[in-house]
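Here the structure is laid out as structure tokens; the discussion comes afterwards.
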Amino acid sequence: MTENYLADVQITPRAGILDPVGETIASALGNLGYEDVRSVRAGRLIRLEIAAETAQDAQTAVESMCEELIANPIIEDYLVTVRDVEK
Amino acid sequence: MTENYLADVQITPRAGILDPVGETIASALGNLGYEDVRSVRAGRLIRLEIAAETAQDAQTAVESMCEELIANPIIEDYLVTVRDVEK
Amino acid sequence: MMESMTASPVARRTGDPEITSHLVTEHGLTPEEYELILEILGREPTFTELGVFSAMWSEHCGYKNSRPLLATLPTKSDAVVQGPGENAGVIDVGEGWGVAFKIESHNHPSAIEPYQGAATGSGGILRDVFTMGARPIAIFDSLHFGSLDSPRSRYLFDGVVRGVGDYGNCVGVPTVGGEAIFDPAYEKNPLINVMCIGVLPLEQLIRGKAEGVGNPVMAVGARTGRDGIHGATFASEELDEEGNDSRPQVQVGDPFTEKLLLEASLELIEKDLLVGIQDMGAAGLTSSGTEMAARSGSGIDIDVSLLPVREQGMTPYEMLLSESQERMLLVAKPEHEEAVREVLERWDLQAATIGNVTDDGMFRVREAGEVVVEIPVIPLVDECPTYVREGVEAPEVLELRTRDLSEYRDFTSNKELLDTLKTLLDSPSIASKRWIYEQYDTTVQTNTLEGPGSDAAVLQLPTDGCALAVSTDGNGRFTYLNPRTGGQVAVVEAARNVACSGARPIAVTNCLNFGNPLRPEVYHQLSEAVAGMGEACRSLNTPVTGGNVSLYNETGGEPVYPTPVIGMVGLLTNLEHRVPSSFQHAGDEIWVVGVTREEIGATEYLAAVHGLVAGEPPVVDLNEAKQLVDFLVTAAENSIVRSAHDCSDGGLAVALSECAIGGKDGPTGFDVALDEAPSSVVSAAALWFGESQSRVVLTCTDGDGSALLQLAEKHGVRAARVGTVGGAGEDCQITGASYLIQIAADKLATIYESALPRRMTEQAGLTS
Amino acid sequence: MRVGIVRFPGSNCDTDMYRAVTVGLREEAIFLWHKSHHLEEVDVVVLPGGFSYGDYLRCGAIARFSPIMREVIEFAKAGGLTLGICNGFQVLCEARLLPGGLVRNASLRFRCHNVGIRVENSDTPFTRAYEQAQTLHIPIAHGEGQFVADNETLDELEGENRVVFRYVDDSNQTTLEANPNGSARNIAGITNAGGNILGMMPHPERHSLKVLGNTDGLGVFESLLLAVSERKLAAKPIHEGKMVGTQ
Ligand SMILES: Nc1ncnc2c1ncn2[C@@H]1O[C@H](COP(=O)(O)OP(=O)(O)O)[C@@H](O)[C@H]1O
Ligand SMILES: [Mg+2]
């Protein structure tokens, strides 16, 4: 029996890779008066709904998708978190 | 006394809004043989480090940044989660 | 001929609201219009039918208030193959080739979501062109925004530029020109007009027709969602103060799918597999289905449950009125249905046969077999009630136009004059638009002979040695102060720009951006401007092949300046005769052609320097305008001119500066005496910064001046030598009306080039 | 010479490339459909510019899995001459045929204008028609052309002479102002270790026609022609034997 899971993939620029989007947001926030912002990193969020037998299976499947397609390890880090679809 | 917090802003296309990026990823995953993927939504992730007195203050500040600058509420939903900076 | 045109009874669909007078009003229909609907149907409409009428009889689709005015425009010439009424106009450019072109507005969507609004506007106009069988080769964007001092305006402007850019860049069509005007009048209601040009072998020309009983009707491309429902009605209403109450679901552009649609459509047309094809644009399936049927006098019978959808539980009302982007309606020959599917599949596109063509003249829509709409096509499409209204000039405009301007006609010192020139070069409406167009792919397709930055863009055609020259122009301030003049100027300025490049102007498309036509003063602007446009088009023999009307451009009762925008297309029959805008060689003679008159009314000078919008705009002598165009084209053909630049915003001083700034080897000096220029006696301000029409700054090789003068006289235009081109990096010197200025060309260039970047540095693409 | 131009869904510089080869150079070019598995005996494979799959997800990421990429990768790994321009460069990086990656321009804006690029290595099959250190003026048109790689990789690229083009200013200097996208060390184009695969962001095919008034880009194709003729001479008997078998 498979169930549906929601997997969030958080993709962020690898340390050492420039993040112009994050930097621009940081400076724009500064200009708007948000002076307590220490740093900003900008990344992508890919949310998948996936059928799998267990949460662990879903996790494994999505990690393999990341390796293959969703993330580019040369420039990006990624983190997969899986949860049940709320009914 | 202020402390540093990490705030993650998850930004996703609003329900009903076309998401061509998500759809294209879904079909690419299908072509790669990942047939259990039901749907994909593509969004953005903004991670801020912010100084605030309490987690609640950090939350409020980041939400106001979202309204003002970070998210585009006409086509995007956003969710802010705040946690302590791990030392 | 057709026996029964009355609609059969249609049962009320469960879940649909009852038709009340309130609901009718909400659909933007007057009680009289509703009476007419009852008459056409011979019964009460269903909820879905009410939606269909509302969309088709909106200003956007039905041209209620503009149709009688548009009917006065000239639409024919030897070159016109397809005039107004199709997805785009088409002209013949020789050797069996045609050029399809059209302009369209996306003002209201862009005011709410600038990036997506502009992107989807580009998508729509591209589809209008490739559904004629033409491959799009260029995009132009005419933009009007509020002052860049306002953060909101900067946000909208930035978003629109990125939206236009990203869409065209991704589809692979270069954006090679346009205009960008900034004035507080557009603060809350910016104007975003996009023009597309395509080329086609004329034998491949296809129209939006639903012909041949039994032929399958296919929906192709993106699936239908709930986005943009009632977009057509929305485009025909004023924005509320917040710009959001009646906000429809924002439509998101998908340029990738558009590119696939473009390639697949052209392949289908090339293989002759289609009977008709049309974009599902404003009012979506409703307008495409009914208009295709109307053009061929047929009927159409579709079942919406066969339509691929993106969301669950959509009603027929929603499916018929959705404005989801990147969709098209095709009518195929039955024997080709399979072949059509194969082509679409090759391009990874969805296609669904949703019905077929009939001969009973009805627009019949079913939901799983059950009829939910049955409306006779012809009255729905062609008999939208039209209104001819009374126009009256607003008294405050009359007051402004007749304002005494004498205190602005002189300067106190050389320094004040130089500062005035600097202010004008720094004014965003005049300053370099590089900041915009470097975000656009201007060279893809390798047809761009002259990209943005010159008077007209010049594009290579597939015909032997021919090129197309194109310019978009309009002047809202002129039109505000004198709508008839404004209508004329849009046309003659565009023609001048095209002719400066050496090309002969052939035909125009136009976009009419006005306020609420129910106001007599707005109707006055509209009718006068259209009249002026028509006169100028007739005089230049550049008929109107199509266009777009965008009314209700106002917020909180404040209309924008009435802004007719012209997209002019011209033909250059020999690439060798192309003329650049800027100075080419040190030592060349500088000439001014055309008469400078005592005209400072409505100028950028008054607006940018004195914050004043007043006075009579410069008068257009249509005969003079025509003679100038003929002269410019002949001069180019005879290779007499080295450069030609239109004199418009900012007058002679700005035109000369622009020629210098764009100098072939970098900013170039020059030495000019304005007193030499042909003029009736004029004040210093009129001489330096007045915007008298039909003037051009030319250069020719030292010694060719007499030939130039002879040619000018032959064409009845006045010309005089005013000075000499200097070297790169040298000083620019101008004298006139007892003033003198001297400034390094590089300095002028820095002011001109930094005006937009300086104001826009803060804005970056954060939200996409 | 027979050049195969791959057509991905969303490629939009494919016909420009075709014109550069057939009109600019007067050699043969054919299109290779992304769903095909045949390279049709071409001498050079070109991955053209454009927005394959809309550049959705990441530029080049999805195209890299197109059916024909299996053959392209095989061809390239076996030493076949492979050229990726703009989006094609991005695909080559995603396919790991070239090191590093291309990310959003530092300005966060799409840029289209002529740039100066200096030929850093004129001893490649793509640049031998140029002089060493010659400056070319050709257009860029991209939103994600910032070349990034870790320092080791960058050192290696430089050490092995694999940086083929760099952005330079009017005085031929690799200045910050000359760099239109923030690329590491002003890099505009690189090759693989074998020297048979080139990726570059600027568009030589857009400056290969006389009518456009600038043919600085044509040298890339002239170089390829030289390289192909040379290879054909060297490998003639074997190559001909192969041709007979597959026709
Ligand atoms: N929004 C725009 N998009 C692309 N090009 C533009 C835009 N605005 C202006 N340009 C280009 O900048 C140049 C100057 O524009 P403009 O001042 O409107 O010309 P003119 O005064 O000759 O009508 C033209 O080549 C025009 O095409
Ligand atoms: Mg101008």
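A note on names: the letters A, B, ... follow the listed sequences, proteins ahead of strands, and every chain is numbered from 1.
- By number of non-hydrogen pairs under 4.5 angstrom with chain B, the leading residue of V37(A), L45(A), I50(A), I70(A) is L45(A).
- Within residues 58-67 of chain B, the residues having any heavy atom under 4.5 Å from a heavy atom of chain A are, by residue number, A61(B), S64(B), M65(B).
- Heavy atoms closer than 4.5 Å to chain B are found in the side chain of E68(A), but not in its backbone.
- In this structure, the side-chain contact (heavy atoms from CB on, under 4.5 Å) partners of D19(A), at least two apart in sequence or on a different chain, are P13(A), V21(A), R41(A), A42(A).
- When side chains are defined from C-beta on, D8(A) counts as touching Q10(B), because their heavy atoms get closer than 4.5 Å.
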Would N4(B) and R38(A) satisfy side-chain contact (heavy atoms from CB on, under 4.5 Å), going step by step from the backbone distance to the final call? CA-CA 8 Å; N4(B) 277 0; R38(A) 296 277 165 274; 3.9 Å; yes
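- Of the inter-residue distances, the one linking R44(B) atom CZ with I46(A) atom CD1 reads 12.5 Å to the nearest 0.5 angstrom.
- The structure places OH of Y34(B) at 11.0 Å from CG of L48(A), a figure rounded to the nearest 0.5 Å.
- Taking CG of L6(B) as the start and OG of S39(A) as the end, the distance is 7.5 Å to the nearest 0.5 Å.
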Please lay out, stage by stage, how D36(B) and T2(A) fare under the test side-chain contact (heavy atoms from CB on, under 4.5 Å). CA-CA 10 Å; D36(B) 298 325; T2(A) 65; over 6 Å; no
